[in-house]
Amino acid sequence: MTAPRAPRKAFGRLSLPERTYVADALRTETVGGVLLLVAAVAALIWANIPALHDSYESVSHFHFGPEALGLNLSVAHWAADGLLAVFFFVAGIELKRELVAGDLKDPKAAALPVVAALCGMAVPAIVYTVTNTAGGGSLAGWAVPTATDIAFALAVLAVIGTSLPSALRAFLLTLAVVDDLFAILIIAVFFTDGLNFAALGGAVVGLAVFWLLLRKGVRGWYVYVPLALVVWGLMYNSGVHATIAGVAMGLMLRCHRLEGEDHSPGEHIEHLVRPLSAGLAVPLFALFSAGVSLSGGALADVFTKPETLGVVLGLVVGKTLGIFGGTWLTSRFTRASLSDDLQWADVFAVATLAGIGFTVSLLIGELAFEGDAALTGEVKAAVLTGSVVAAALATVLLKVRNAKYRRMTQAEERDDDLSGIPDIYEEDDPAYHLRMAAILEKKAAEHRRIAEEMQSARLAEVPGGAGDEGGGPA
């Protein structure tokens, strides 16, 4: 008879290579997220201090670049269209890697984060649409609350000191990758108008040359960087959002390892570019996008105008219910049981954390309400407000289980045999148990020696030895 298959575990233990990759990626994102927080706070201070407000506006709207190439852009525009192309380039590589070597490679494993991400985008859009339909507001901003900012979310985790288990962190990362993919599609489909087919054709030719050079094994940044700039410039002038060029080039990189390779080209380039994205590109975008006026009246308006209220509710309520509901339904219908160490409250807390929408939400807000500076600023304030509320709720929920998370993380990282590999990945290896036996035997011998020395010292302290006085005990 065929042995019954063990039920699949949702949020089960990651493989060692996947755990290592996730840890490295999230470490960089966490540092970048802290810089993102600093940049956002700096932007708010710069824009809201009366003596500095004018200088913020002057710097943000200062134009430079070759006008003959259609690239005489403001500083804020360069940050949104130029620097964010680097961010989306890394997102493209992440997506490609997940598809060929990560969780998205296996359809069964991919179902959970993909459905959760889809529900986590659909429900906020529905919440926004219902709020604005009922309140008579504009439906143009339906996509604003659909995006999750992984860097900002991880920065919150770093600040509150939550040792979130690697399986939940991996879920959050994969969720954000899928989230980014659909955000890219939304930008490409809904925020593209007035196409310049000549420029678009040139961009497509440039991408084809990029792909061909990669397949021929041509190396050298001095080849690819100039080509990437040309592709980006053509994409910008085509009417398609320029960040799409970054995604397309990221998806073209090979992310599977050949025999004898320690890292694929995609992983190597991601390792080099991710610090530039997380440490420079995204914080600078935040610096010139998050500078909105936050007077008491403006904050009050966030909860009274349908457009801004829809964004806040979409991030705080829609994201949480969408991701948690999608995860629960997927587990229910695929009969995947939750990992023994976790509870559904943990999934709910992570879903709440995913309500932090910043980088892509701000970008979509600018695109959705382009031409209406006042409403764009109000929507940005709503994104900030919703993200702060989501972060506060997630902090409370995660703190309740923080001691449990810390114990799980310590168990995941324990390496008693000093092999460089966590013990939980070696429990089925006889060599591990032999190493542990040798270590314990050495410790036992040391404890016996200490015990014998202590016993000898105590006997020496008794004059004449034990039993010397009248045959009685010492």
Side-chain angles (χ1 to χ4, degrees), residues 2-15 18-19 22 95 98-99 102-130 142 145-148 150 153 157 162 164-183 185-186 313-357 390 393-394 396-398 400-402 404-405 408-409 412 424:
T2 304
R5 290 185 298 175
R8 191 169 62 84
K9 292 287 185 181
F11 306 103
R13 183 190 306 167
L14 303 177
S15 66
E18 185 70 9
R19 181 181 180 274
V22 168
L95 176 62
E98 289 292 333
L99 288 170
D103 286 346
L104 301 183
K105 181 181 180 181
D106 178 6
K108 291 182 180 178
L112 186 66
V114 169
V115 172
L118 284 172
C119 292
M121 299 186 81
V123 177
I126 292 170
V127 169
Y128 178 93
T129 302
V130 170
W142 65 269
T146 60
T148 293
I150 184 65
L157 285 178
T162 298
L164 203 64
S166 59
L168 285 176
R169 285 178 177 263
F171 172 72
L172 192 59
L173 178 62
T174 307
L175 187 79
V177 170
V178 178
D179 194 293
D180 286 341
L181 168 64
F182 287 102
L185 292 176
I186 287 172
L313 292 178
L315 289 171
V316 177
V317 179
K319 272 288 182 184
T320 303
L321 294 182
I323 292 172
F324 180 80
T327 304
W328 185 86
L329 287 173
T330 305
S331 299
R332 176 73 177 81
F333 288 105
T334 60
R335 297 182 179 180
S337 61
L338 200 64
S339 177
D340 296 335
D341 295 321
L342 298 173
Q343 298 176 5
W344 281 107
D346 302 311
V347 181
F348 188 85
V350 172
T352 305
L353 186 67
I356 299 175
L393 290 174
V396 173
L397 295 172
L398 291 169
V400 172
R401 296 267 290 167
N402 203 31
K404 175 70 173 179
Y405 297 150
M408 291 174 65
T409 303
E412 288 179 354
I424 58 174

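Keep in mind that this is a model prediction, so the values were computed, not measured.
In this structure, Ala349 and Ala394 approach most closely via the heavy-atom pair O-CB, 4.1 Å. Annotation for Thr146 and Ala125: closest pair CG2-CB, 4.1 Å, computed over non-hydrogen atoms. Between Val178 and Ala117 the shortest heavy-atom distance is CG1-CB, 3.6 Å. Scanning all heavy atoms of the two residues, the minimum distance from Ala116 to Thr327 falls at CB-OG1, 3.5 Å.
In this structure, Leu112 and Ser331 have side chains that are in contact, with non-hydrogen atoms separated by less than 4.5 Å. With contacts defined as side-chain heavy-atom distances shorter than 4.5 Å, the pair Asp179/Lys319 qualifies. For the pair Trp328/Cys119, no side-chain contact is recorded, criterion being any heavy-atom separation below 4.5 Å from C-beta on. Side-chain contact between Tyr128 and Leu313 is absent, with no heavy atoms from C-beta onward closer than 4.5 Å. A heavy-atom distance below 4.5 Å is not found between the side chains of Ile356 and Thr148.
A search for side-chain contact (heavy atoms from CB on, under 4.5 Å) contacts involving Ala351 returns Thr320, Ile323, Phe324, not counting sequence neighbours. The side-chain contact (heavy atoms from CB on, under 4.5 Å) search around Leu99 returns Leu95, Leu104, not counting sequence neighbours. A search for side-chain contact (heavy atoms from CB on, under 4.5 Å) contacts involving Leu118 returns Val114, Phe182, not counting sequence neighbours.
Considering CE of Met121 and CD1 of Ile126, their distance stands at 12.5 Å, rounded to 0.5 Å. Within the model, atoms CZ of Phe348 and CG of Leu321 stand 6.5 Å from one another, a figure rounded to the nearest 0.5 Å.
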